[in-house]
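Structure, as structure tokens:
Side chains included, hydrogens not; waters and symmetry mates left out as well; all remaining heavy atoms used. Chain naming here is simple, since letters A, B, ... match the order of the sequence lines and numbering starts at 1 in each. This is a predicted model, so every value here is computed, not measured.
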There are 2 protein chains.
Amino acid sequence: MDALDILVKHDIKPSLQRLAVMEYMLTHFTHPTVDEIFSSLSPSIPTLSKTTIYNTLSLFEEQGVVLYLGIDKKNARFDGNTSHHAHFRCKNCNAIIDIFNQKPEDVVLEGHPELVIDDVQTYYTGYCKNCKK
Amino acid sequence: MDALDILVKHDIKPSLQRLAVMEYMLTHFTHPTVDEIFSSLSPSIPTLSKTTIYNTLSLFEEQGVVLYLGIDKKNARFDGNTSHHAHFRCKNCNAIIDIFNQKPEDVVLEGHPELVIDDVQTYYTGYCKNCKK
DNA sequence: AATAAAATTGTAATGATTACAAATGTAATT
DNA sequence: AATTACATTTGTAATCATTACAATTTTATT
């Protein structure tokens with residue numbers, strides 16, 4: 001499924017800018033920051049504004065086509081892979097690594113039937129291969 | 001175990017300010033922000049500086065006596081309960097609720113023997129009892 | 001007491017994010 | 001095709017949590 005299909009399916013009007021951001025997220029599973037996305041797209045869309053990236057990602061997140069990651073203290077990060085997986089962040093080099101081999105957490109929490117769960121994020125922190133001593 | 005014991009045990013020199021912050025964290029399991037801690041302690045320690053709260057919580061986190069929570073986009077939050085549990089945040093009222101009935105995630109991740117895991121945080125998001133329709 | 005080291009404080013800088021109004025683009029209607 | 005309404009984008013300015021840093025105060029050491 002390409003960028004256009006995803007936007008249309010989620011009732012997002014596919015403007016040039018939105019298509020470019022969606023396309024970027026589908027080809028860069030690097031958990032990019034707003035700045036990284038902007039820097040990458042800016043040359044090919046010279047009029048692009050950083051505010052548009054913020055607006056677009058905010059819209060995408062509301063519609064569930066990207067995930068917001070709060071794993072990094074400094075910047076918001078986004079993930080175009082919305083399937084269930086966790087994330088690991090290296091304390092030293094700040095690399096963010098996907099963790100796929102995880103059992104899904106319960107979407108209905110035992111002992112908390114009163115809560116409506118929309119999303120679960122699991123963040124591991126430690127040292128990656130290169131940074132551990 | 002009281003505030004003094006915890007600080008001494010973790011090689012943290014127990015100054016007046018540090019004791020006050022530790023004491024606060026042991027009596028307020030509300031996942032407070034820096035501002036909330038500062039506002040609460042400021043009247044009884046008139047010279048207190050917000051920078052000291054930042055410094056102190058940063059030190060506490062390094063020494064493992066409090067947990068940093070990245071569950072709230074706006075502010076850092078801290079938890080004086082360092083035992084294993086997850087957190088839920090209501091999208092509407094922003095309340096943060098402890099989730100205790102969770103099985104611990106694997107500290108050694110299957111499929112990722114190269115990673116050294118120091119910490120795991122699980123964040124649920126959704127609507128609390130009062131805010132669900 | 002004098003000196004050194006550590007902790008605290010206040011102010012200023014940083015920098016990501018948001019607010020907002022103007023400009024542009026798109027769709028609908030006559 | 002002109003007109004109107006509406007949605008999107010853009011640029012600038014404001015916000016505000018956090019950090020940097022130097023000065024001051026406190027605590028420990030000789």
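Note that the CD1 atom of Ile96(A) and the CZ atom of Phe88(A) stand 10.5 Å from one another [nearest 0.5 Å]. A distance of 6.0 Å separates CD in Glu36(B) from OG1 in Thr30(B), rounded to the nearest 0.5 Å.
As rounded to whole Å, 14 Å separates atom C1' of dT10(D) from atom CZ of Arg18(A).
The main-chain N or O of Leu41(B) is found under 3.5 Å from a side-chain atom of Ser44(B) such that the two form a donor-acceptor pair. Of the possible donor and acceptor atoms, one in the side chain of Thr27(A) sits under 3.5 Å from a partner among the backbone N and O of Tyr24(A). In this structure, Arg89(B) contributes its side chain and Tyr124(B) its backbone to no donor-acceptor pair below 3.5 Å. With Lys132(B) contributing its side chain and Glu114(A) its backbone, the two residues share a donor-acceptor pair below 3.5 Å. The backbone N or O of Ser83(B) sits less than 3.5 Å from a side-chain atom of His85(B), completing a donor-acceptor pair.
Residues from residues 25-49 of chain A that place a heavy atom under 4.0 Å from any atom of DNA chain D, listed by number: Thr47(A), Leu48(A), Ser49(A). Non-hydrogen atoms lying under 4.0 Å from DNA chain D are contributed by Thr51(B), Tyr54(B), Lys74(B), Asn75(B), Ala76(B), all within residues 50-80 of chain B.
Within 6.0 Å of the NZ atom in Lys91(A), the count of heavy atoms belonging to other residues, nucleotides or ligands exceeds 12.
Ring planes of Tyr123(A) and His87(A): tilted class, angle from 30 to 60°.
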Discussion item. Please encode protein proximity along nucleotides 25-30 of chain D as a string of B, S and -, counting only heavy-atom distances under 4.0 Å.
Written reply: ------

Taking only distance into account, with no hydrogens and no angle test, what donor-acceptor pairs under 3.5 Å do side-chain atoms of residues 56-73 of chain A form with protein atoms, sequence neighbours excluded?
{"residue": "Thr56(A)", "atom": "OG1", "partner": "Thr52(A)", "partner atom": "O", "Å": "2.6"}
{"residue": "Asp72(A)", "atom": "OD1", "partner": "Lys74(A)", "partner atom": "N", "Å": "3.0"}
{"residue": "Asp72(A)", "atom": "OD2", "partner": "Arg77(A)", "partner atom": "NE", "Å": "2.8"}
{"residue": "Asp72(A)", "atom": "OD2", "partner": "Arg77(A)", "partner atom": "NH2", "Å": "3.4"}
{"residue": "Asp72(A)", "atom": "OD2", "partner": "Asn94(A)", "partner atom": "ND2", "Å": "3.4"}

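Shown here are the side-chain hydrogen bond (donor to acceptor under 3.5 Å, both in side chains) partners of Lys50(B), two or more places apart in sequence or in another chain: Asp35(B).
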Item to complete: In sequence, state the C-alpha distance, the side-chain angles, and the governing distance for Leu48(B) and Gln17(B), and then conclude on side chain to side chain contact (heavy atoms under 4.5 Å, CB included).
Response: CA-CA 8 Å; Leu48(B) 189 62; Gln17(B) 290 85 344; 3.8 Å; yes

Practice prompt. With side chain to side chain contact (heavy atoms under 4.5 Å, CB included) as the test, would you mind laying out the steps for Met25(B) and Phe78(B) before giving the verdict?
Written response: CA-CA 8 Å; Met25(B) 296 308 291; Phe78(B) 294 88; 3.7 Å; yes

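Helix-axis bend for the helix from dA1(C)-dT30(D) to dT30(C)-dA1(D): the local axis fitted to the five terminal pairs at one end deviates from that at the other end by 20°, rounded to 10°.
Under 4.0 angstrom from either OP1 or OP2 of dT10(D) there lies at least one side-chain N or O belonging to Gln17(A).
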